[in-house]
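Indexing begins at 1, ligand by ligand and atom by atom, following the structure's order. In what follows, residues are counted from 1 in the order of the sequence shown.
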Amino acid sequence: MIKKGGYYYPTKEFKKRAWINKSSVYKEAKKNPVLFWEKLAKEIFWRKKWKKVFSHRPPYFKWFSGGKLNITENCLDKNLEERKNKVALIWEPEPVEERERVLTYYDLYRQVNKFANALKKLGVKKRDRVGIYLPMIPEAIISMLACARIGAVHTVVFSAFSPTALRIRLQDTQAKILITADGYYRRGQIINLKQNADKGIKETKVRKLIVVQRAGNEISWKANKDVWYEDLVKNEKDFCPAEVMDSEELLFVLYTSGSTGRPKGTTHVCGGYSVQAKFTGKWIFDLHEDDIFWSMADIGWITGHTYTCYSPLLNGITFIIFEGAPDWPTPDRWAQIIEKYGVTTFYTAPTAIRMFAKYNGKIAKKYKLDSLQILGSVGEPIDESAWQWYFREVGEKKCPIVDTWWQTETGGILITSLPGIGPFKPAFTGLPFPGIKFDIFNGEGESLSPRKVGDLVLLPPFAPGLLRGVYKNPKKYLKTYWSQYGRKIYFTSDAAFKDKKGLIRIVGRVDDVIKVAGHRLTTGELEAAINLHPNVTECAVVGIPDKIKGEVPVAFVVSKKLPEARPLAILKKEIVDQVKKEIGPIALPKKVFIVKDLPKTRSGKIMRRILKRLFTGEKLGDLSTLANPGTVKEIKKCLKVGDKRS
Ligand code: WTA
C-alpha cells in the first residue's frame, strides 16, 4: 500500500489484479444508478427477466419486478457447470484434534437438494417460515439453502440466544419447523442446544424439531416431535427442483434490535438481495477463483447471511466456516486457521481485532499470514490504533483494509472504499459503493458540508438489497426508517461526517442501539429483561465505552421492593442472570448499580445521557430540565464507592 497525506492507496500490482480499479466506475454509476444495477443483475441467472428495474411509490420500492429466479441456482447449479469438484466449504470445528470437513460444490449441491426434499416431505411449502437455530456447522449453510431452494423463508436465530429470545422470534414468524442440533462446542464446553430449543419452542407453532447430530451429547427426545436430520436426508434424492421465485418474494426474515424492547424482523427479498450480495462481495473483497475467504461472522447475524453464506457461493469461491471462538484454546487460533488454509481474505469485527492485538502484538512473526490479500472490518467503528495494528501486524502493510459499513436492514455492504481504488483512511469507512447515494443531514434535512456531524441518510434508488419491511409490522417500518426526513429518505439511525475527499466516518448510533462486541442490542430490550425481576421498580441501561468490546451495557436499577435483609450482591447477580435468561450471554451488563432514583425530566423521561456521562466523566451539560437533580449527586457517589450494601 502506498501512503499519501494520511490516505492509503493500492499499489500498481494490486490494482492490476483487481476487478475494479478505475474510479470512472463511480461516475458511471452516479449518472444512472438504476442502469448500473441492471447491468450487474444481468450477470446472474434469472428464470425470467424483469419487467421494470426499479419502481418507487414512496416509501415502498421494488427492484427487478416481474423477474424470476432462485438464489440457490446461482449458488449451486451454476457452479456445477464450471467448478463441480472445487471445494466450496471448509468447516473448521472448535476442538483442535477434530478433523475439518470439506464439501465440494457438488457435495453441497447434493446435500442441499436432499434436505430440500426432506423439508418438502414434512409439508414445508413456499412462503412457510422455517426457524434455524444452529451453531456454525455445514448444516447451518445447508439448511439456509434448502429453505431457499423450496421458497421457504428462513429465520435464523443466533445459537447463543436464550430460549426466550428464540421463542419471541418463533412466535412472530409462526414457524412450524425448527432446525437445531444436539449440541456444539464453545470454549471447550459442550452447549446443550437441544435443551434450549425444547424450551424455546414452548408456546409456539413448532410441530417438528429437526436435530442435527453434532456433539453427541445426551439429549431428551420426544418421538412425536423430534427427528434426526441424518435420518431425514438419508434416502432422499440428490435433486430437488428449485422453486421459481418472484424477485420481490421473501428470501428470509432476520430479527434485529430496534429502538424499542422487541426485536423486529427485517424482511429481505430474492432478486435485489442476490444481486447486491454477489457484487458487493466480488468487488469489495475482490473475489477471484483462487481465493480462500474467511468471514468470522456467525450465521445468526446479517454478516453471516450475506458474507459467510450467500456471497461466497454466488461468487463460486472456497470459504471457511468456523465453529469456535477465535481465541480458543489459544489466543492465536485465528492465525493458525489463516495459515492452515492459506486464507486470502479475512473479514472480522474491530472487537476481535482489538482482542488479537491485546493478546499477541507480534503474531505475524510467528505465523505465515502472507497469503492474505485483503482484510475486512465490520459491525462497529474501528479506532485508529486497532486499524494500524491490523494493517501492520496482520496485513504486513500490503493489504487494503476494507472497513465496511452496513446494517441488517441494508442486506449488504453500502459504504467502503474499493480495494483496487482506495483511498483508505484509518477510522473512516470510505466511500459509498457505486450506485449508492448517501448524504449527511442536519435535523432540518439540509445537506451538511465536510467535517460536520449529522444524520446519515440513504437516498433513492436506495439499494437492491435494502429491507422491504418489518415482518407483520408495517407501522414500525414507516416509523423507524421513513419518518424523520419524509417518505423518500431512508434514515440509518447513525451519525456520521465526511472528510474533504468524501470519505465517511461513522460516529455511532443516534438511537438507543448499542454495539457490544459488534453484536447489536438495544438498551430497551435489556431494560425490559431487567424489569421482569420482581424486586426491580425501574431501571435504565446505557452503553459505555470499553477498550475491547467497543461498548458494554451498564445497568442502573431502582429497587423499592427489596427486603432490608436481602444483600444487594444477590440482587445484582439475579439481574445479570435475568438478562442471560431473557436474551443470552452476549448481553450481560458489565456492572449493575442499585440507586435510589434515576435522573428524570419533568415529564418523567429517564435521562440516559446523564447516566452515561456520569460514567464516562464527560461534562453533564444542561441539568435544568431535570425534575430530581439530587439524583445526580447520589449516583455520582454510588459510582465512586459502589453501593453500601453490596
Ligand atoms: C454499526 C452489521 C462503524 C452502525 C453489519 C450500524 C458500523 C450498525 C460499521 C448495524 C462500520 C456497522 N463502522 N459502524 N464499519 N458497520 N456499524 O445491523 O451503527 O448488526 O447502524 O449490521 O452497526 O448493525 P447490524
* Asked: Do we see a donor-acceptor contact under 3.5 Å between the side chains of T256 and R520?
  -> yes
* To do: Answer yes if the side chains of Y7 and D499 hold a donor-acceptor pair under 3.5 Å, and no otherwise.
  => yes
* Might you list the protein residues in contact with ligand 1, defined as having a heavy atom under 4.0 Å from one of its atoms, sorted by chain and number? => I302, T303, V378, G379, E380, P381, D403, T404, W405, W406, Q407, T408, T429, D494, I506, R509, K515, R520
Please tabulate, one pair per line, all N/O donor-acceptor pairs under 3.5 Å involving side-chain atoms of residues 376-384, not counting sequence neighbours.
residue	atom	partner	partner atom	Å
E380	OE1	T351	OG1	3.4
E380	OE1	R354	NH2	2.9
E380	OE2	T351	N	2.9
E380	OE2	T351	OG1	2.6
D383	OD1	R354	NH1	2.9
D383	OD2	S385	OG	3.2
D383	OD2	A386	N	3.2

* If you measure from NZ on K264 to CD on E409, what distance do you get to the nearest 0.5 Å? -> 5.5 Å
* Check F252, Y310, W406, F158 against H305 for a ring pair (Phe, Tyr, Trp, His ring centres under 6.0 Å) and give me the one that passes. => F252
* To do: Would you please indicate yes or no on a ring centroid separation below 6.0 angstrom for F424 and F391?
  => no
